[in-house]
Amino acid sequence: MRKKRILKQVKLPNGGELYYAKNRVTDVTYISINFPCGARVEPIPGLAHLVEHMMFTGTEMHTKQEINDICSKFGYENAATSWRSISFKANVLNKDIKMYLDYLEECLNHSLLTEKLLDEERKVVLQEIKRYEDKYDQKNDYENYYNIYKEKFLKGRILGDEKTVKSIKATDVRTFAEKWFIANNMEATIVSPLPLKKIKKLLLENFYNKLKIVEGFEKLPLNYLTIKDDKFFSVKTEKINKTYITFNIKLNHGSRIEDYSWYNKFDLVDRKSTRLNSSHHNTS
């Protein structure tokens with residue numbers, strides 16, 4: 001039986017966190033840089049997702065095409081926005097760890113974030129929203145109405161809609177990025193054949209120490225959603241196929257969890273709010 005990989009938690013200066021695991025199989029390093037500032041903290045629906053896109057539209061040093069050319073040198077590189085966080089992930093050769101961290105730091109600290117670039121990237125996001133809406137218009141192709149609604153709700157809240165996305169200005173993007181993309185709001189998960197000491201040195205010198213630090217910044221707890229909007233999630237229901245769905249947030253305390261799985265408890269109830277079933281689901 002394969003042993004479960006155990007992540008070692010290391011506290012970085014001023015509140016950042018590093019989760020490290022030894023990779024003894026390949027010469028590739030997996031890096032995930034997470035900022036717990038996803039859709040749950042945005043003042044405008046869709047803002048967090050648009051901010052994620054805007055990080056790669058051009059910097060003071062490189063155009064968008066040049067950014068893409070640098071990105072193509074990595075084995076895998078991606079970014080994603082969830083309800084809980086915005087994350088940047090990559091699989092890179094060990095020799096390219098510094099290049100990736102420099103690349104990501106440049107994008108986070110020096111993106112131009114102009115109105116012109118925002119207008120261009122907004123079109124990309126609106127196309128994503130349209131593709132998602134088209135996908136879920138075909139409800140007859142699915143048997144599980146519950147899963148359709150769950151995914152549509154979560155994705156809809158994260159992507160926003162045409163009206164809200166069109167209302168976002170470059171100043172909104174800059175304000176969001178400056179507030180949340182800071183060193184003491186960072187979680188780094190790294191699985192690498194390199195020793196922890198070397199990984200920590202690379203991370204600090206080429207990324208962490210180049211992000212600003214906000215004194216007195218309080219990291220949001222995992223259950224921030226429940227604290228902030230408990231009434232909505234405990235009361236609001238939606239009728240689908242003669243069944244109501246009520247959201248009941250349950251947290252998985254005591255273990256490291258992925259972005260979507262932390263709010264993975266949903267209860268099915270009927271018209272009289274009589275509980276029928278309760279099960280765990282993961283959204284990816």
Side-chain angles (χ1 to χ4, degrees), residues 12-19 29-42 46-74 76-82 84-92 96-118 120-122 124-125 158 168-190 199-215 217 219-220 259:
L12 296 172
N14 296 294
E17 296 177 347
L18 166 62
Y19 296 87
T29 291
Y30 167 77
I31 302 175
S32 176
I33 306 292
N34 302 305
F35 296 94
C37 61
R40 60 183 173 151
V41 299
E42 61 191 11
L47 174 59
H49 178 240
L50 187 53
V51 169
E52 171 223 311
H53 275 248
M54 288 298 294
M55 292 301 102
F56 306 100
T57 55
T59 70
E60 299 165 4
M61 295 78 95
H62 295 96
T63 65
K64 183 176 182 179
Q65 183 57 54
E66 289 170 339
I67 290 290
N68 289 337
D69 290 342
I70 296 172
C71 174
S72 67
K73 297 177 182 178
F74 308 124
Y76 167 80
E77 187 274 347
N78 200 6
T81 300
S82 72
R84 178 181 179 264
S85 66
I86 296 177
S87 59
F88 305 93
K89 308 174 188 292
N91 284 334
V92 300
D96 293 332
I97 295 176
K98 180 182 183 303
M99 180 170 62
Y100 174 74
L101 292 173
D102 285 342
Y103 151 84
L104 182 56
E105 181 274 326
E106 179 184 327
C107 291
L108 292 176
N109 276 340
H110 304 287
S111 288
L112 297 176
L113 307 181
T114 64
E115 288 289 350
K116 181 180 179 181
L117 291 171
L118 174 60
E120 294 174 359
E121 200 61 28
R122 195 196 325 265
V124 176
V125 172
I158 293 167
I168 295 171
K169 298 179 174 57
T171 52
D172 299 319
V173 174
R174 284 193 290 270
T175 299
F176 188 96
E178 290 172 1
K179 179 178 181 179
W180 298 105
F181 293 153
I182 61 176
N184 44 328
N185 187 42
M186 185 193 78
E187 300 170 347
T189 301
I190 298 180
I199 287 295
K200 185 178 178 180
K201 186 173 185 289
L202 283 166
L203 186 64
L204 290 175
E205 292 181 355
N206 301 287
F207 187 80
Y208 183 84
N209 289 346
K210 295 181 181 179
L211 294 181
K212 71 175 181 179
I213 295 172
V214 176
E215 297 295 336
F217 179 86
K219 179 176 284 192
L220 296 175
D259 287 344

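The analysis underlying the following values was restricted to heavy atoms, covering all of them including side chains, and did not include hydrogens, waters or symmetry mates.
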Next on the checklist: Does Asp69 form a side-chain hydrogen bond (donor to acceptor under 3.5 Å, both in side chains) with Gln65? I'd like the steps, not just the answer.
Outcome noted: CA-CA 6 Å; Asp69 290 342; Gln65 183 57 54; 3.0 Å; yes
Next on the checklist: For Lys89 and Ser32: C-alpha separation, side-chain torsions, deciding distance, then whether side-chain hydrogen bond (donor to acceptor under 3.5 Å, both in side chains) applies.
Outcome noted: CA-CA 4 Å; Lys89 308 174 188 292; Ser32 176; 3.3 Å; yes
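Thr81 OG1 to Ile158 CD1: the interatomic distance, rounded to the nearest 0.5 Å, is 7.5 Å. For the atom pair CG (Asn34) and OG1 (Thr189), the distance works out to 5.5 Å, reported to the nearest 0.5 Å. For the atom pair CG of Leu117 and OG1 of Thr57, the computed distance is 4.5 Å after rounding to the nearest 0.5 Å. For the atom pair CZ (Phe56) and CG (Leu104), the distance works out to 6.0 Å, reported to the nearest 0.5 Å. How far CG of Leu202 is from CD1 of Ile31: 8.5 Å, rounded to the nearest 0.5 Å. Separation of atoms OH (Tyr30) and CD1 (Ile190) is listed at 10.5 Å; rounding is to 0.5 Å.
Residue Glu77 comes nearest to Cys71 through the heavy atom pair OE1-SG, 2.9 Å, listed as atom of the first residue, atom of the second, then distance. Scanning both residues, Arg84 and Arg40, for their nearest heavy atoms gives O-NE, 3.3 Å. The two residues Phe35 and Ile33 make their nearest non-hydrogen contact at CE1-CG2, 3.7 Å. For the pair Leu204 and Leu12, the tightest heavy-atom approach, listed with the atom from each and the gap, is CD2-CD2, 4.0 Å. A pairwise comparison of heavy atoms in Tyr103 and Phe74 identifies CD2-CE1, 3.8 Å as the closest pair. Listed here is the closest heavy atom pair of Ala48 and Cys37: CB-O, 4.2 Å.
For residues 97-107, the set of pairs meeting the salt bridge (Lys or Arg N to Asp or Glu O under 4.0 Å) definition, not counting sequence neighbours, comprises Lys98-Asp102, Asp102-Lys210.
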With a cut-off of 3.5 Å and sequence neighbours excluded, list every side-chain donor-acceptor pair involving residues 170-182.
unit_1: Asp172; atom_1: OD2; unit_2: Lys169; atom_2: N; d: 2.9
unit_1: Arg174; atom_1: NH1; unit_2: Leu113; atom_2: O; d: 2.7
unit_1: Thr175; atom_1: OG1; unit_2: Thr171; atom_2: O; d: 2.8

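His53 and His49 have perpendicular rings, their planes meeting at more than 60° on a 0 to 90° scale where under 30° would count as parallel.
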